[in-house]
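Structure first, then comments.
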Amino acid sequence: MKRVAIFASGSGSNFQAIVDATRLGELEADVCLLVCDKPDAYVVQRALQSGIPTFAFNPKEYASKQHFELAILEELQKHDIDFIVLAGYMRLIGDTLLHAYGGRMTNIHPSLLPSFPGKDAIWQALHAGVKITGVSIHYVDEGMDTGPIIAQTAVEIDEYDTLQSLEKKVHAVEHALYIHTLQHIFQKERQEV
Ligand code: GAR
């Protein structure tokens with residue numbers, strides 16, 4: 001069974017959906033660690049309630065990205081982590097983690113990449129006036145929401161959509177798509193072994 005660490009910075013609805021899916025047997029993986037760069041984020045409470053160990057850190061307390069990524073790497077090794085799932089981790093991954101986990105790290109982004117990378121992607125799509133946006137899952141490289149795309153689902157924007165209603169539609173798609181995509185990746189890897 002894959003030993004997974006989830007990285008998140010915010011509310012953690014994707015974190016929760018993934019943890020629930022592992023416990024329901026819909027996703028064959030063990031979520032063994034939460035890594036969070038915002039110790040006050042709600043996702044930390046979720047991890048506590050779900051009994052998942054957390055490494056929550058304040059990046060400002062480290063001299064550089066390399067320093068805090070080395071601290072993260074130590075935690076990942078301590079928990080014997082095979083795979084990293086970024087779920088709303090609002091920080092670029094640096095060389096230290098890329099070298100250790102390149103090809104074993106995915107990200108979810110709330111747009112049809114390569115459109116609308118970066119922050120506030122749902123807002124960006126709404127304000128660009130596009131009629132279709134969506135969700136992308138991709139492998140992580142050194143760029144911002146770049147890296148090979150693994151799966152995408154489209155979400156229609158209708159004329160009555162507000163930021164709130166569109167966020168709701170996008171989130172509903174995110175959870176199912178991330179679980180399904182991870183299951184597919186892990187299953188494929190098991191077959192290749
Ligand atoms: C999700 O919509 C995710 O796609 C987005 O952050 C949100 C986290 O929600 N990620 C990015 O924008 C990455 N560039 P959550 O904390 O409820 O899972």
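Counting starts at 1 for both ligands and their atoms, following the listed order. Note that the coordinates shown come from a computational prediction; the quantities given were computed from them, not determined experimentally.
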Residues Glu28 and Gln183: side-chain donor-acceptor under 3.5 angstrom:
yes
Are Phe83 and Phe186 an aromatic pair, judged by ring center distance below 6.0 Å?
yes
Distance from atom 15 (P) of ligand 1 to nearest protein heavy atom, with residue and atom:
Ser13 N, 3.4 Å
For the side chain of Gln124 and the backbone of Pro117, is there at least one donor-acceptor N/O pair under 3.5 Å apart?
yes
I'd like to know if the side chain of Gln152 pairs up with that of Ser136 as donor and acceptor (distance under 3.5 Å, no hydrogens or angles considered).
yes
Note the single closest protein heavy atom to atom 16 (O) of ligand 1, along with its residue, its atom name and the distance in Å.
Gly12 N, 2.7 Å
Of the side chain and backbone of Met144, name the one, both, or neither that has a heavy atom under 4.0 Å from an atom of ligand 1.
neither
Can you tell me if His171 has a non-hydrogen atom under 4.0 Å from ligand 1?
yes
Quick check: Asn14 and ligand 1, any N/O pair under 3.5 Å apart?
yes
Looking only at protein heavy atoms, which one is nearest to atom 6 (O) of ligand 1, and how far off is it?
Gly88 CA, 3.6 Å
In ligand 1, which numbered atoms sit nearer than 4.0 Å to a non-hydrogen atom of His109?
4 (O), 11 (C), 12 (O), 13 (C), 14 (N)
Report the nearest protein non-hydrogen atom to atom 10 (N) of ligand 1: residue, atom name, distance rounded to 0.1 Å.
Ile108 O, 3.6 Å
Can you tell me if NE2 on His127 sees more than 12 non-hydrogen neighbours from other groups inside 6.0 Å?
yes
Please test Asp82 against Arg3 for salt bridge (Lys or Arg N to Asp or Glu O under 4.0 Å), starting from the C-alpha separation and ending with a verdict.
CA-CA 5 Å; Asp82 304 307; Arg3 294 179 63 80; 5.7 Å; no
Examine ligand 1 and decide if any of its atoms is less than 4.0 Å from a heavy atom belonging to Pro110.
yes
Check contact between Ser11 and ligand 1, using heavy atoms of the residue and a distance below 4.0 angstrom.
yes
Any chance CD of Glu156 has more than 12 other-residue heavy atoms, nucleotides or ligands included, within less than 6.0 Å?
no
Taking non-hydrogen atoms only, is Glu174 closer than 4.0 angstrom to ligand 1 via side chain, backbone, both or neither?
side chain
Kindly give the heavy-atom pair with the smallest separation between Lys38 and Val44, and that separation in Å.
O-CG2, 4.1 Å
Please work out, at 4.0 Å between heavy atoms, whether the side chain, the backbone, both, or neither of Asp145 comes within that distance of ligand 1.
side chain
